[in-house]
Amino acid sequence: MSPIQHDSPRRDLAETGNKSHGRPFLRWAGSKRKLIPVLQEYWSDSYGRYVEPFMGSACLFFHLDPSAGLLGDINAELVECFCQVRADPQAVHEELATYGHGSDFFYQLREKIPEELTPVQRAARFIYLTRYCFNGLYRTNQLGRFNVPFGGTRTGKLPTLEQLTFAAKKLNSAELICSDFLGTIERVQPNDFVYLDPPYWVEGKRRTNQYGPKTFCKDDLSRLKAALEHIHEQGAHFVLSYEDCDEAREISGSWHVKQVPVRRNVAGFSQHRKIEHEMIATNIA
Ligand SMILES: C[S@@+](CC[C@H](N)C(=O)[O-])C[C@H]1O[C@@H](n2cnc3c(N)ncnc32)[C@H](O)[C@@H]1O
């Protein structure tokens, strides 16, 4: 396999000279920031849209700065948050600026009922809770209420107005949809680039439902495998990342595959790190 190289410098850095602007504004469990140097090699500016059906914080999208995108996720609060940042980054920032700091404020905000808030307040609450919750997880109780505990304040800063404004500008070129991944993949067109980063379902591993109940399970593996075939048949390009495991080998079939070492925190504690392998499968020759 000879991965495609960048053929132009990324616009975000060229325009602003500020690296932090290209960072995602959201802290999100499973973010692929550490894999960006590997993933970006598959991208070419000659491709059509950038499509990400499991978008999470969309860190690769913000880094690559494509001229058109289609971003989808099953998490409605996440997608609404992106829509609000795109529509009015200043309002979201003004709301965040009224927030306190520390555990007491975190739990007060967590207790608020999202349906009783405005869309801007919900977006700011989502950004705040995921920034300061344990491990950046998104988990809900039986009633669908966010229930991840406070994780401390050493998990980075809330986004600045500049970061939110920058994200809004980038998102203007993207369509955002709340959908199961197949709904997004059905809309793939010839020459699109599709990056798939699903939650990992691994036989025998303890699952923490880190993206909410009924989001991705064993039955979805065969749907994911069929989705790769569909993307290829459409004449589009795909890159899939998955934990290197038996399930990954089953999904990746006869596509081009490589293993990449990544350093992970054990159970969310940065002082305990281990090296694991990520599998990348692609139809890009
Ligand atoms: C590993 S995260 C993606 C992280 C993202 N690549 C990033 O860098 O931030 C997986 C995402 O898949 C979403 N998800 C889970 N099940 C899904 C499904 N069936 N269809 C679409 N999205 C799903 C979760 O809400 C989560 O945001």
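When a ligand or atom number is given, it counts from 1 through the structure's own listing order. Side-chain atoms are counted along with the backbone in the values below, which use heavy atoms only and exclude waters and symmetry mates. Please read these numbers as outputs of a predicted model, since none were measured by experiment.
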At less than 4.0 angstrom from any non-hydrogen atom of [X], what atoms of ligand 1 do you find?
X	value
Gly30	1 (C), 4 (C)
Met55	5 (C), 7 (C), 9 (O)
Pro53	21 (C), 22 (N)
Glu52	5 (C), 6 (N)

Option from Asn283, Asn191, Asp192 for which side-chain hydrogen bond (donor to acceptor under 3.5 Å, both in side chains) with His237 holds
Asn191
Taking only residues at least two apart or on different chains, which pairs with a member in residues 176-185 satisfy side chain to side chain donor-acceptor pair (under 3.5 Å)?
Asp180-Arg223
Please say whether [X] places an N or O atom under 3.5 Å from an N or O atom belonging to ligand 1.
X	answer
Pro198	no
Asn75	no
Tyr195	no

Could you check, using the six-membered ring where one of them is a Trp, whether [X] and [Y] have ring centers closer than 6.0 angstrom?
X	Y	result
Phe82	Phe126	no
Tyr99	Tyr128	yes
Tyr200	Tyr242	yes

Please work out whether any backbone atom (N, CA, C, O) or any side-chain heavy atom from C-beta onward of Trp28 is under 4.0 Å from ligand 1, and answer side chain, backbone, both or neither.
side chain
[X]: heavy atom below 4.0 Å from ligand 1, yes or no?
X	answer
Ser179	yes
Pro24	no
Arg33	no

Strictly by modelled atom types, are Tyr132 and Ser103 linked by a side-chain donor-acceptor pair under 3.5 Å?
no
Take the angle between the ring planes of Phe54 and Phe216 and call it parallel below 30°, perpendicular above 60°, tilted in between.
perpendicular
Residues Arg23, Glu162: salt bridge by 4.0 Å N-O rule
no
Among Leu182, Thr184, Val79, Ile74, which one has a heavy atom closest to atom 14 (N) of ligand 1?
Ile74
